[in-house]
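Excluded from the calculations below are hydrogen atoms, water molecules and symmetry mates; all remaining heavy atoms, backbone and side chain alike, are included.
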Amino acid sequence: MFAQLVATAGRTSQLLSCDDHGRLYAATTDTIRCADTRNLSTDCQRDQKAKRIPTKELHLEKSGLNTLTGLAISRDGSYAALAGTSTLDADCTTLLFVDLTEGNGPLLKQSASSDKRKAYPVHPDLFCHRPGLGVLQVTWHPGSDLHFAVLATDNCWRLYHADKLAEPEQTFELQTSTKRPFGMHFMDDNDIDDVDSCRHAVGFAFGPAYGWERFTVLFVCSDSSLLSLCPVAPFHATISSAAVAQLLHAIRDEPEAAQSTTHAWLDQALSKPAGRATSFSASPAQADSQQPASPSVSALKQSMIRVQPHALDSHVPALCGPLQGSDNLPGDGDLATSILATRYGDTCSAVVIGRGSGQVETYVVAGDLTPTWAQGSPACHTEGRHYVAILSEVHIVPPAKNLCMLRDILDLHLPPHTQHWESSSHTPATVHKLQLHPDLSAPDRCYAVQSHGAHAITLPWLPVLCHRFNSAVANGDEDDMPELLPAAAEVLWQSSQTGTVSTLQGQSVMSAAPVGGTMAAGALLVLDSASQPHCLWPNRAPMAPEDVDSPPSRSAQYDEDVRRASNALFGAVLQGPKPLAPPTDPEAPTGTGNPEGQKLLTDWIGHLRQTHVEFTHLAHHDLMHILQELPRLAAEQEQKCEELAAKLMNLQGGQQKTEERLERATQLNTNIKERLKILGNLHWRLLHALNAAEEVFRDKELPEMEEQAKSMRKQIKAMQARAAESIRQADQENVQAQNGSSASPSRACVPPQQLGKMRRILEVQEEGIIKCKQKLALLLSAMTITE
């Protein structure tokens, strides 16, 4: 079923990982394969021989990885982080970021069967210039799809953002020891003289998404001591306002100084929704009033709060620990290797620690994890008024009480782990140190994997404690706790190197990842050193490799075998409920108020867990958890709807503005056309070069016409003067003739015939004057056009 997911080359180093949606990923130095395992069922061991699951293969361009040592997938399966040795220098570590979907939706729903992806280097200035600096663990943040954390061998924990890979968003230098050991690699147990002076972090785990634990990072040190770093909030992540009310309620009993610092951090980190200016810096009484049942908090449940970039001026988070107390640490042993945190319901949390020798320690968290502060000034890199990167040096602060109690110590009888670096590119890497993986279907179960074995660790006391705490809170019952069943380890894999009978031909484990989910039973997928996958089911015998590789033919005999297997597995269930047999000893006390009855009840619980349908309560718990998450998801959807409505309003406003601009552009176009028409008319009326006829007229005819016009003006003026003089004389003579007197006795009177002749001459002269004026007007118009 899973053979198509992994490479067939035995020398190829591969790592497995999974996301929160049931998708499984197998990565090599240059490829990443994805498969959908959400339809996986615990009762399809025979059917999965012929069943094919949808897969997707991506090729990494110029990854620069020689060997792959770490793989982490985001919750939604959109991004991946890979760590390994560099091809240019085997002593240098390469950390890469890969965008798997590139914003095109789920990977398995994309049309192309094979695609290429670019691998972006993460913080190259650090890893490329510090040979010997290695990556102990890379894990994606459970509260953000854009943040992943890296724990390096320099005892620094760094949180990176997917959009800013050049430097970490937050860096915490873990001052876990009183003096630093020399060199980049850690010392062995035989070289340790002072445990506290050489303590270093070897693994970390994020707290469950409840209360202040959502902002808590748990570290396990080489001496198995537990340290908590709180608060650590990824920038620009979102949480519900109801969770903020839980944070305020959890610190109501803290000292006043710690409360004021925590309120200052809340004021900077968590901004209120729009329209609310309430400050987090409230008194303990006001904090108590902000319970989820209050009207103000109920109103805030409808919105989400975004984490703002923040840093306090004079305080930094401190490492609180050891949480189990310095006097309650386990005895001398080898180095711890991994840590796992889980929570059952809303009341009980557990921590599991793995050691290199195969020992597993289980702890129950006996109190609430709250922020711890210390005096210090963080180093901040800002752009304008915004924080870009924060560097804090954190020291250990002892807790007021032991917050973790040791519950079980299990010995898995595995070969001891010797910590060293694997740098060979020809030999497949194996799981040398003990790794812990959660069971995706049961919070009270996890998997412990090493190169020589795989075990399922069950914590039967965790559901009992959760139910007991809930009953004590609801009923006020503070009776003594009943007897709790110890943790149990089930062997899922054992190689022949351990000296026991091998069911898997002595192959060692190369990688492992949990599969399944809330609605399907969980399992552990193991990849052996020959690159062969094996699906290991808890409480069931493992399948042989040949059963997976050789699918049987469908026949009547095969159907009959399936029917018999179904009847064998579910026959008792199909027959309906049957009465439980009474105790064999009728005189034995059966009440829960005495030790004998409590022991009998514990025995029957163990019997039911081994012989009847198990983990039904887990499905109910998961459904209740989903129901609790539904309001948050609904709030997110409502926020998205509001954002879409705001964008729609902006688009409508932009459309109206565009229409107005279009109308103005149309009017402007009309004006431009009119102006172009006027310019065209003006263009044709502009001066142009004269032709030959026009040049002759300008040079010869026009000067002659001007001379004629001048002479005619002179003639007209002379004629006008003579005519005026003649008219004046005639008028005087007529006046004298009428009065019967003469003007001068020496002058004779003009005869009437001569007077009539002079008038006719004057009329002819007036007609000539009119013609001359007309010719003169024509000459003037011609001269104007020529100019």
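Checked options Val202, Val352, Val351; the residue passing with Ile339 is Val351 (criterion: side-chain contact (heavy atoms from CB on, under 4.5 Å)).
Residue Ala512 comes nearest to Leu524 through the heavy atom pair CB-CD1, 4.1 Å, listed as atom of the first residue, atom of the second, then distance.
In terms of the ring-ring contact (aromatic ring centres under 6.0 Å, His included) criterion, residue partners of Tyr160 (sequence neighbours excluded) are, by chain and number, His123, Phe148. For Thr31, the side-chain contact (heavy atoms from CB on, under 4.5 Å) partners two or more places apart in sequence, or in a different chain, are Thr28, Arg33, Glu57, His59. For the salt bridge (charged side-chain N to carboxylate O under 4.0 Å, His left out) test, no residue two or more places apart in sequence or in another chain qualifies with Glu167. Scored by the side-chain contact (heavy atoms from CB on, under 4.5 Å) test, Pro309 finds Phe235, His236, Tyr387 as partners (sequence neighbours excluded). Under the rule for a side chain to side chain donor-acceptor pair (under 3.5 Å), Ser392 has no partner lying at least two apart in sequence or in another chain. Under the side-chain contact (heavy atoms from CB on, under 4.5 Å) criterion, Asp76 pairs with His21, Ser74, Ser78, Asp145, sequence neighbours left out. Qualifying ring-ring contact (aromatic ring centres under 6.0 Å, His included) partners for Phe97, counting only residues two or more places apart in sequence or in other chains: Tyr79. For Glu102, the side chain to side chain donor-acceptor pair (under 3.5 Å) test picks out no residue, with sequence neighbours left out. Partners of Ala487 according to the side-chain contact (heavy atoms from CB on, under 4.5 Å) rule, which considers only residues two or more places apart in sequence or in another chain, are Asp408, Leu410, Leu459, Trp461. Scanning for side chain to side chain donor-acceptor pair (under 3.5 Å) contacts around Arg407 gives an empty result, with sequence neighbours left out. By the side chain to side chain donor-acceptor pair (under 3.5 Å) test, Thr101 is found to be paired with no residue, residues two or more places apart in sequence or in another chain being considered. Partners of His437 by ring-ring contact (aromatic ring centres under 6.0 Å, His included), not counting sequence neighbours: none found.
Here the side chain of Thr342 pairs a donor or acceptor atom with the backbone of Pro443 at under 3.5 angstrom. Between the Gln450 side chain and the Val509 main chain, no donor and acceptor come within less than 3.5 Å of each other. No side-chain donor-acceptor contact under 3.5 Å links Ser349 to the backbone of Arg343. The main-chain N or O of Gly522 is found under 3.5 Å from a side-chain atom of Ser441 such that the two form a donor-acceptor pair. In this structure, the side chain of Trp212 engages the main chain of Leu247 through a donor-acceptor pair within 3.5 Å. The backbone N or O of Ala83 sits less than 3.5 Å from a side-chain atom of Thr69, completing a donor-acceptor pair. With hydrogens and angles ignored, the 3.5 Å screen pairs a side-chain donor or acceptor of Ser63 with a backbone N or O of Thr29.
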Derivation and outcome, side chain to side chain contact (heavy atoms under 4.5 Å, CB included), residues Leu82 and Leu95 = CA-CA 6 Å; Leu82 298 88; Leu95 186 61; over 6 Å; no
Taking it one step at a time, do Val394 and Leu229 satisfy side chain to side chain contact (heavy atoms under 4.5 Å, CB included)?
-> CA-CA 9 Å; Val394 293; Leu229 183 62; 4.1 Å; yes
Assess whether side chain to side chain contact (heavy atoms under 4.5 Å, CB included) is satisfied between Leu323 and Val365, documenting all intermediate values.
-> CA-CA 9 Å; Leu323 298 181; Val365 180; over 6 Å; no
Could you check Ser228 against Thr216 for side-chain hydrogen bond (donor to acceptor under 3.5 Å, both in side chains), going step by step and ending with a plain yes or no?
-> CA-CA 6 Å; Ser228 66; Thr216 302; over 6 Å; no
Evaluation steps, side chain to side chain contact (heavy atoms under 4.5 Å, CB included), between Leu227 and Val220 | CA-CA 6 Å; Leu227 306 176; Val220 60; over 6 Å; no
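A distance of 10.0 Å separates CG in Asp163 from CD in Glu169, rounded to the nearest 0.5 Å. Rounding to the nearest 0.5 Å gives a distance of 8.5 Å between CG of Leu226 and SG of Cys221. Interatomic distance, Leu270 CG to Phe215 CZ, rounded to the nearest 0.5 Å: 5.5 Å. With rounding to the nearest 0.5 Å, the separation of CZ in Arg355 from OG in Ser224 is 3.0 Å. The CD atom of Gln435 sits 8.0 Å away from atom OG1 of Thr337, with the distance rounded to the nearest 0.5 Å. Distance NE2/His249 to CG/Asp368: 9.0 Å, rounded to 0.5 Å.
Residues Lys116 and Leu60 fail the side-chain proximity criterion, which asks for heavy atoms closer than 4.5 Å. Residues Phe204 and Thr139 form a side-chain contact, since some pair of their non-hydrogen atoms from C-beta on lies under 4.5 Å apart. Using a 4.5 Å heavy-atom threshold, the side chains of Gln14 and Leu527 count as touching.
For His147 and Trp140, the distance between ring centers is not under 6.0 angstrom. Annotation: Trp493 is not in aromatic contact with His455 [ring centroid separation under 6.0 Å not met].
The residues Lys640 and Glu636 are annotated as not salt-bridged, no charged nitrogen and carboxylate oxygen being separated by less than 4.0 angstrom. Looking at Arg117 and Glu61, no side-chain N of the basic residue comes within less than 4.0 Å of a carboxylate O on the acidic one, giving no salt bridge.
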